[in-house]
Amino acid sequence: MQGIEPLIYGLGLAGAAVNAASGVLEAGRKPFDLFGMVVVALAAALGGGSLRDMLLDRTVFWIADQAYLITALVAGVATFLLARRVRLPAQLFLLPDAIGLSLFTVVGTSVALAHDAPWLVASLMGVVTGVFGGILRDVLCNEAPVVFGGELYGSAAWLGALTLIALPELGVGHDVSALSAGAVICTIRLLSIRFKWHLPIYSARR
């Protein structure tokens, strides 16, 4: 996985930025002050990777490299300041959320593979990295987590993670595999929002 490391690092920083932005945009629907917004932004940006690293018994990524923390802080505050000056659509957070889901799933899967995790474990670590920050964001905003219902979310992340694992076995380069997997996730997520695709929902027989 050495050849993909610079790309994965860049994707991780980008993921931290867009997830922090999505956290602020969703929290903007609540009467939170700047401190509250920063807490939500950091939870969204750093939560998934933190859980992944604890499960893999690695040093938590933003403790090992504070560039992730700084990026999330700057993106969160910048989004907060922008939202105070420009009227933004209430559902705008769904776009950076989809981008962040794709970026962090690719990063999480790659990190787990580099840590010699089995392919199934690596794919689930990718999903954890992609979705857990969003779960924390939604809980802090007192909203039902997006991943637990509605349009495709965690399943889109899992398909992308499996794509990232499968493509190198077919002879595709690591960088192309990573970008292709990210495109799969983001495309499925956005199309599912557009066309209301979702998994079957539990409904008990009466």
Side-chain angles (χ1 to χ4, degrees), residues 1-16 18-19 22 42-65 67-69 72 97-139 145-189 192 198-200 202:
M1 298 295 291
Q2 291 297 320
I4 201 173
E5 285 185 356
L7 176 63
I8 291 302
Y9 185 71
L11 293 179
L13 291 174
V18 295
N19 268 25
S22 77
L42 293 181
L46 308 177
S50 297
L51 179 58
R52 174 203 67 217
D53 289 343
M54 288 186 284
L55 291 172
L56 292 175
D57 196 25
R58 301 174 71 244
T59 302
V60 175
F61 70 109
W62 56 270
I63 295 176
D65 184 353
Y68 294 99
L69 177 59
D97 181 60
I99 297 171
L101 175 68
S102 63
L103 293 174
F104 271 154
T105 301
V106 168
V107 171
T109 306
S110 300
V111 166
L113 289 172
H115 201 65
D116 296 324
W119 69 268
L120 182 58
V121 173
S123 69
L124 292 176
M125 289 298 100
V127 175
V128 165
T129 308
V131 307
F132 191 67
I135 293 174
L136 290 178
R137 176 200 66 208
D138 294 341
V139 169
V146 175
V147 68
F148 295 152
E151 295 81 12
L152 302 181
Y153 196 88
S155 51
W158 200 8
L159 286 172
L162 292 173
T163 299
L164 175 58
I165 293 168
L167 286 180
E169 298 299 320
L170 300 175
V172 180
H174 291 305
D175 286 8
V176 174
S177 297
L179 295 174
S180 298
V184 166
I185 298 166
C186 196
T187 300
I188 292 175
R189 174 61 182 153
S192 74
H198 59 80
L199 297 176
Y202 176 80

Item checked: Which residues share a side chain to side chain donor-acceptor pair (under 3.5 Å) with Ser22, sequence neighbours left out -> Arg137
Margin query: Distance check, rounded to the nearest 0.5 Å: Asp97 atom CG versus Asp138 atom CG?
Written below: 7.5 Å
Exercise answer: donor-acceptor pairs, residues 111-118 side-chain atoms, under 3.5 Å, sequence neighbours excluded:
unit_1	atom_1	unit_2	atom_2	d
His115	NE2	Leu56	O	2.9

Check: Which pair of heavy atoms, one from Ala16 and one from Ala45, lies closest together, and at what distance?
Finding: O-CB, 3.3 Å
Next item on the list: Tell me, please, which residues at least two apart from Leu103 pass side chain to side chain contact (heavy atoms under 4.5 Å, CB included).
Entry: Leu11, Ala14, Val18, Ile99
Margin query: Within the structure provided, determine whether Val106 and Leu179 are in side-chain contact (heavy-atom separation under 4.5 Å).
Written below: no
Item checked: Residues forming a side chain to side chain donor-acceptor pair (under 3.5 Å) with Ser50, sequence neighbours excluded -> Trp62
Checklist line | Member of Ile185, Val131, Leu199 meeting the side-chain contact (heavy atoms from CB on, under 4.5 Å) criterion with Tyr153 | finding: Val131
Check: Mind checking what makes side chain to side chain donor-acceptor pair (under 3.5 Å) contact with Asp53, not counting sequence neighbours?
Finding: Arg58
Checklist line | Under the side chain to side chain contact (heavy atoms under 4.5 Å, CB included) test, residues paired with Ser192 that sit two or more places apart | finding: Glu151, Leu152, Arg189, Trp197
Show the atom names and distances, to 0.1 Å, of all donor-acceptor pairs under 3.5 Å that link a side chain in residues 158-173 to residues at least two apart or in another chain.
unit_1	atom_1	unit_2	atom_2	d
Trp158	NE1	Ser123	OG	3.0
Thr163	OG1	Leu159	O	2.8

Note to self: Please report the interatomic distance CG(Leu124) to OG1(Thr129), rounded to the nearest 0.5 Å.
What the structure shows: 10.5 Å
Notebook entry, point to check: Can Val147 and Phe132 be said to form a side-chain contact (heavy atoms from CB on, under 4.5 Å), step by step?
Noted result: CA-CA 9 Å; Val147 68; Phe132 191 67; over 6 Å; no
Check: What residues form a ring-ring contact (aromatic ring centres under 6.0 Å, His included) with Tyr68, not counting sequence neighbours?
Finding: Tyr9, Phe61
Notebook entry, point to check: Quick one: OG1 on Thr59 to CG on Asp65, what's the gap to the nearest 0.5 Å?
Noted result: 11.5 Å
Notebook entry, point to check: Taking only residues two or more places apart in sequence, or in another chain, which ones meet Ser102 in a side chain to side chain donor-acceptor pair (under 3.5 Å)?
Noted result: none
Note to self: Using 0.5 Å steps for rounding, measure from the CG atom of Leu46 to the CG atom of Asn19.
What the structure shows: 9.0 Å
